[in-house]
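Treat the numbers as computed from the prediction; the structure is a model and nothing was measured. Values below: all heavy atoms of this structure, side chains included; hydrogens, waters and symmetry mates excluded.
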Amino acid sequence: MRIALNEAEDAYAEGEIPVGAVVVLDNQVIAKGHNLTETLKDVTAHAEMMALTAAANALGAKYLQDCTLYVTLEPCLMCLGAIAHAQVKTLVFGASDPKKGYSVYLKDKFPSKAEIRQGVLAEESSQLLKQFFAERR
């Protein structure tokens with residue numbers, strides 16, 4: 001998760017909402033990504049999407065069944081759908097997203113068999129987001 005936080009800091013430095021993601025396989029980082037929605041002018045360029053695409057390219061496969069995805073912010077519904085389709089084994093996220101996170105929309109049904117761990121380095125993840133938005137208000 002520390003590497004995902006580094007990615008979030010890279011996003012922050014680039015003027016992007018500071019969210020970072022990392023895909024790990026067999027204790028090795030195989031892909032990293034951070035938000036690039038402003039840079040690419042693409043609403044789908046979330047950190048998770050960037051990391052999932054990079055991981056699929058690194059493995060030469062569309063399924064990430066033995067992989068863990070670490071992300072600093074609770075995924076949105078779009079990213080959750082991609083995580084489910086990629087068949088990610090484990091999802092670990094930091095800060096909750098009470099406005100656009102998947103849990104706002106899905107209370108009991110989770111469209112994936114992925115193991116979910118939340119709240120990992122949540123304070124650090126949340127603090128970076130708060131700082132980013134405080135500077136822009």
Within this structure, what is the SG-CE distance for the pair Cys79 and Met50, rounded to the nearest 0.5 Å?
11.0 Å

Here the pair of heavy atoms bringing Ile30 nearest to Ala55 is CD1-CB, 3.9 Å

Flag yes if Val23 and Ile83 sit in one hydrophobic cluster, no otherwise; membership is Ile, Leu, Val, Met, Phe, Trp, Tyr, and two members link when side-chain heavy atoms are under 4.5 Å apart.
yes

CG (Asn35) and OH (Tyr12) are apart, to the nearest 0.5 Å, by 14.5 Å

Thr90 side-chain N/O to Glu115 backbone N/O, donor-acceptor pair under 3.5 Å
no

Consider only side-chain heavy atoms of I, L, V, M, F, W and Y, link residues closer than 4.5 Å, and tell whether Ile17 and Phe93 are in one cluster.
yes

In Å, rounded to the nearest 0.5 Å, how long is the span from CG of Leu40 to CD of Glu16?
7.5 Å

In terms of heavy-atom contacts, Gly94 and Ser125 come closest through CA-OG, 4.2 Å

Main-chain N/O of Gln87 paired with Gln65 side-chain donor or acceptor, under 3.5 Å:
no

Could you grab the distance from atom CG of Leu36 to atom CE of Met49, nearest 0.5 Å is fine?
12.5 Å

Give the other cluster members for Val120, using side-chain heavy-atom distances under 4.5 Å between Ile, Leu, Val, Met, Phe, Trp and Tyr residues; answer none if it is isolated.
Met1, Ile3, Leu5, Val22, Val24, Val29, Tyr70, Val92, Leu121

If you apply the rule side chain to side chain contact (heavy atoms under 4.5 Å, CB included), what do you find for Leu128 with Thr72, and how did you get there?
CA-CA 10 Å; Leu128 188 59; Thr72 58; over 6 Å; no

Kindly give the heavy-atom pair with the smallest separation between Ala51 and Ala31, and that separation in Å.
O-CB, 3.5 Å

Hydrophobic cluster identity match, Leu77 and Leu69, side-chain contacts under 4.5 Å
yes

Kindly indicate, with the supporting measurements, whether the criterion side chain to side chain contact (heavy atoms under 4.5 Å, CB included) is fulfilled by Thr37 and Val43.
CA-CA 5 Å; Thr37 59; Val43 297; 5.6 Å; no

According to a hydrophobic-cluster definition based on side-chain heavy atoms being under 4.5 Å apart (Ile, Leu, Val, Met, Phe, Trp, Tyr only), do Val88 and Tyr102 belong together?
yes

From OG1 (Thr39) to NE2 (His34), nearest 0.5 Å
7.0 Å

First locate atom NZ of Lys130, then atom CD of Glu123, and finally report the distance between them rounded to the nearest 0.5 Å.
6.0 Å

Nearest heavy atoms of Ser103 and Glu74, plus distance in Å:
OG-OE2, 2.6 Å

Is Met78 reachable from Leu64 through a run of I, L, V, M, F, W or Y residues, each pair having side-chain heavy atoms under 4.5 Å apart?
no

At their closest point, which heavy atom of Ala11 faces which heavy atom of Pro18, and how far apart are they?
CB-CA, 3.9 Å

For the pair Asp66 and Asp26, evaluate side chain to side chain contact (heavy atoms under 4.5 Å, CB included) and give the outcome as yes or no after the intermediate values.
CA-CA 8 Å; Asp66 296 320; Asp26 297 328; 5.7 Å; no

Do Ser96 and Gln118 pair up side chain to side chain, a donor and an acceptor below 3.5 Å, judged on atom types alone?
no

